[in-house]
> 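Pasting a structure below so you can have a look.
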Amino acid sequence: MKFRYYLLLLILLQACVKKQSDITIDSSKIDEILIINKVDCNPNGDFVKSKVVIDNPKEIKKIVKVLFDSKSISESVNMKVNNGFFEIDFNEGNKNHYYTINYTIYDGVIVRNDYNGERYKNDELEVLVYKLFR
């Protein structure tokens, strides 16, 4: 009888585990990260900058670490109805990376890899970028 409970618990725990992102980036190969503000709504005037360039290796490493912690999502997301986005663009050696942090109306904040269309949830990245524009 205990075995059934343990098996049920194991199945429930497995169902609750979110897939870690498959984002692998070597921050030591990045010279700078360009983030552009294309957010449509700014009712309180929070965003005072239109773009931010990060070239401090410590800050680059922090952003890459937070980006790596993104949780992959496979559900359908309506990306067309939104309040704009932040563009994140950088080169890792010869490889270019381009992500957007999208403020969708129905699905909240979605991070999207614009090269392959993969979508992620990462509220920590959104907060980190948001603070850079204040």
> Apart from Leu34 itself, which Ile, Leu, Val, Met, Phe, Trp or Tyr residues share its cluster (side-chain heavy atoms under 4.5 Å, direct or through members)?
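Result for Leu34 is Ile36, Val53.
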
> Mind checking what makes ring pair (Phe, Tyr, Trp, His ring centres under 6.0 Å) contact with Phe85, not counting sequence neighbours?
none

> Tell me every residue that passes side chain to side chain donor-acceptor pair (under 3.5 Å) with Asp107, counting only those two or more places apart in sequence or in another chain.
none

> Just to verify, what does Glu92 make a side chain to side chain contact (heavy atoms under 4.5 Å, CB included) with, not counting sequence neighbours?
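Checked Glu92 against side chain to side chain contact (heavy atoms under 4.5 Å, CB included); matches are Ile25, Asp26, Lys29, Ile30, Lys95, His97.
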
> Checking Lys61 side chain against Ser28 main chain: does a donor-acceptor pair fall under 3.5 Å?
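No, because the side chain of Lys61 does not come within donor-acceptor range (under 3.5 Å) of the backbone of Ser28.
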
> Going by the rule salt bridge (Lys or Arg N to Asp or Glu O under 4.0 Å), which residues pair with Arg112 if we only count those two or more places apart in sequence or in a different chain?
Asp114

> What residues, two or more places apart in sequence or in another chain, satisfy salt bridge (Lys or Arg N to Asp or Glu O under 4.0 Å) together with Glu87?
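Listed in chain order: Lys38.
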
> Of the non-hydrogen atoms in Ile60 and Ser27, which two are nearest, and what is the gap between them?
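In this case the closest contact between Ile60 and Ser27 is CG2-O, 4.0 Å.
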
> For residues 74-84, which residue pairs qualify under salt bridge (charged side-chain N to carboxylate O under 4.0 Å, His left out), counting only residues two or more places apart or in two chains?
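Listed once each, the pairs would be none.
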
> Shortest non-hydrogen contact from Leu132 to Ile35?
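Scanning both residues, the minimum pair turns out to be CD1-CD1, 3.9 Å.
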
> Using the test side chain to side chain donor-acceptor pair (under 3.5 Å), find all partners of Asn122 that sit at least two apart in sequence or belong to another chain.
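Expected list: Ser70.
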
> Apply side-chain contact (heavy atoms from CB on, under 4.5 Å) to the pair Phe86 and Tyr99, showing each step before the final yes or no.
CA-CA 8 Å; Phe86 289 106; Tyr99 293 87; over 6 Å; no

> Decide yes or no for Ile88 and Ile101: does some side-chain heavy atom of the first lie under 4.5 Å from some side-chain heavy atom of the second?
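They are in contact (side-chain heavy atoms under 4.5 Å apart), so the answer is yes.
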
> Taking all non-hydrogen atoms of both residues, which atom of Phe133 and which atom of Lys49 are closest, and how far apart?
CD2-O, 3.2 Å

> Applying side chain to side chain donor-acceptor pair (under 3.5 Å), name anything that partners Asn91, two or more places apart in sequence or on another chain.
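Applying side chain to side chain donor-acceptor pair (under 3.5 Å) to Asn91 gives Asn96.
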
> Assess, by modelled atom type and distance only, whether the side chains of Asn102 and Thr104 contain a donor and an acceptor separated by less than 3.5 Å.
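Not at all, the side chains of Asn102 and Thr104 share no donor-acceptor pair under 3.5 Å.
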
> Return the set of residues passing salt bridge (Lys or Arg N to Asp or Glu O under 4.0 Å) with Lys65 (not counting sequence neighbours), or none when no residue passes.
Asp69

> Would you say that Ile110 contacts Tyr120 through its side chain, given a criterion of any heavy-atom pair below 4.5 Å between the two side chains?
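No - every pair of side-chain heavy atoms lies 4.5 Å or more apart.
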
> Taking all atoms of both residues into account, what is the closest heavy-atom pair of Val109 and Lys121, and its distance?
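Heavy atoms of Val109 and Lys121 come nearest at O-NZ, 3.0 Å.
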
